[in-house]
There are 2 protein chains.
Amino acid sequence: MSRPLAHPDAAAVTLAGLLFALCDPVRLAIVRELLKSPAGLNCTEATARIGLAMPKSTCSQHYRILRESGLIASERRGTELVSRVRSPLLAERFPGLLEAVLRAYERERPAAAKRRVSRASAAG
Amino acid sequence: MSRPLAHPDAAAVTLAGLLFALCDPVRLAIVRELLKSPAGLNCTEATARIGLAMPKSTCSQHYRILRESGLIASERRGTELVSRVRSPLLAERFPGLLEAVLRAYERERPAAAKRRVSRASAAG
DNA sequence: TTCCGTAGTTCAATATTTCGGAACCTAAGA
DNA sequence: TCTTAGGTTCCGAAATATTGAACTACGGAA
């Protein structure tokens, strides 16, 4: 937790960078999870929720890639790193792109967790 | 030109595979160029049109990745390999995804054709 | 038929990138 | 202070990408 966190502005966000960040299943799942918590999540919590254990160093790298691509913004709060999806910036730079990718994601993974009778006990 | 060309069917096409294939600027440009010629283009012609010279082996690898991701179909005609975008399959598997990526591509690269006076130097 | 040129593929070596364990840093409590 | 939690950085190992050279396959010319 030493170096200042660099976040690209809209002009610095590239399509290739976004697609690269999203082409990894772990990173895509993180983005999807972060979207469910607009207030932000720390790394440990987000990765726990997607049910994928990984070494801390690997996790840190994934978040760095997401951050440098412009997909997420991260903020230090105490010892935690709280991240959220930069929806406004993405909507400005490439309107509809993230939505299309997420629709494809849902289509590929037909809601594994939500497959209850209704949304009664979906909290996990 | 020996091994049979393998083309995934719709069920075998993955989102991660598509995003990975598209996150390379060269491959994205190839797809965009192929879309302009629905009848198909051979490798040499397509890469010539996008104005990117590269070694034959590199080009061959790019086409292999595009093919294995499901983005393109290739067919041998004589000594050539004619490829075209598998639009129907993509539309079936992930409707709207390719269109969204291409819209983002056009937005990032403001239409080389209409480059008149406005902004001569676009940063890379 | 044989030979040649074209178009692309495969191999193998090198270069780049990613993974992950260990050590480290910073903030918050006890 | 010491300890713990949450991340980061370093660096060697593993995986992947790049590409020159050798190769295959086809079509045309002689």
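Chain naming here is simple, since letters A, B, ... match the order of the sequence lines and numbering starts at 1 in each. Note that the coordinates shown come from a computational prediction; the quantities given were computed from them, not determined experimentally.
Comparing C/dC19, C/dG8, D/dT9 by their closest approach to the side chain of A/H62 singles out C/dC19. Candidate nucleotides D/dA5, C/dG5, C/dG20 were compared by shortest atom distance to the side chain of B/T79, and C/dG5 ranks first. Closest contact between the side chain of A/F20 and the listed nucleotides C/dT18, C/dA7, D/dG7 involves C/dT18. Closest to the side chain of B/Q61, out of D/dT18, C/dA7, D/dG7, is D/dT18. Set against C/dC19, D/dT8, D/dG7, the side chain of A/N42 has D/dG7 as its closest nucleotide.
Atom-to-atom, CG of A/L52 to C1' of C/dG20 comes out at 16 Å; the value is rounded to the nearest Å. Distance CG (B/L81) to P (D/dA25): 15 Å, rounded to an integer number of Å. Computed from coordinates, the B/R64 CZ to C/dT9 C1' distance equals 10 Å when rounded to whole Å. Distance, B/K56 NZ to C/dG5 C1': 11 Å, rounded to whole Å. In this structure, CG of A/L41 is placed 13 Å from P of D/dG6, rounded to the nearest angstrom. For B/E80 and D/dG27, the CD to C1' distance is 11 Å, given to the nearest whole Å. Atom OH in A/Y63 sits roughly 10 Å away from atom P in D/dT8 (whole-Å rounding). As rounded to whole Å, 14 Å separates atom C1' of D/dG7 from atom CD1 of A/I30.
Within the nucleic acid shown, A/S57 comes within 4.0 Å of at least one base atom, counting heavy atoms only. Residue contacts shown for B/T58 include a base, since a base heavy atom lies under 4.0 Å away.
Considering only heavy atoms from C-beta on, B/I72 comes within 4.5 Å of B/S74 through its side chain.
Remark: the A/R49 side chain and the A/S37 side chain contain an N/O donor-acceptor pair separated by less than 3.5 Å.
Rounded to the nearest 0.5 angstrom, B/R27 CZ and B/Q61 CD are separated by 10.0 Å. Atom-to-atom distance recorded for B/E80:CD and B/E75:CD is 11.0 Å, nearest 0.5 angstrom.
Looking at which nucleotide of DNA chain D each of B/R77 and A/S60 is closest to, the 5′-most match is held by A/S60.
Of all heavy-atom pairs between B/E33 and B/A46, the closest is CG-O, 4.0 Å.
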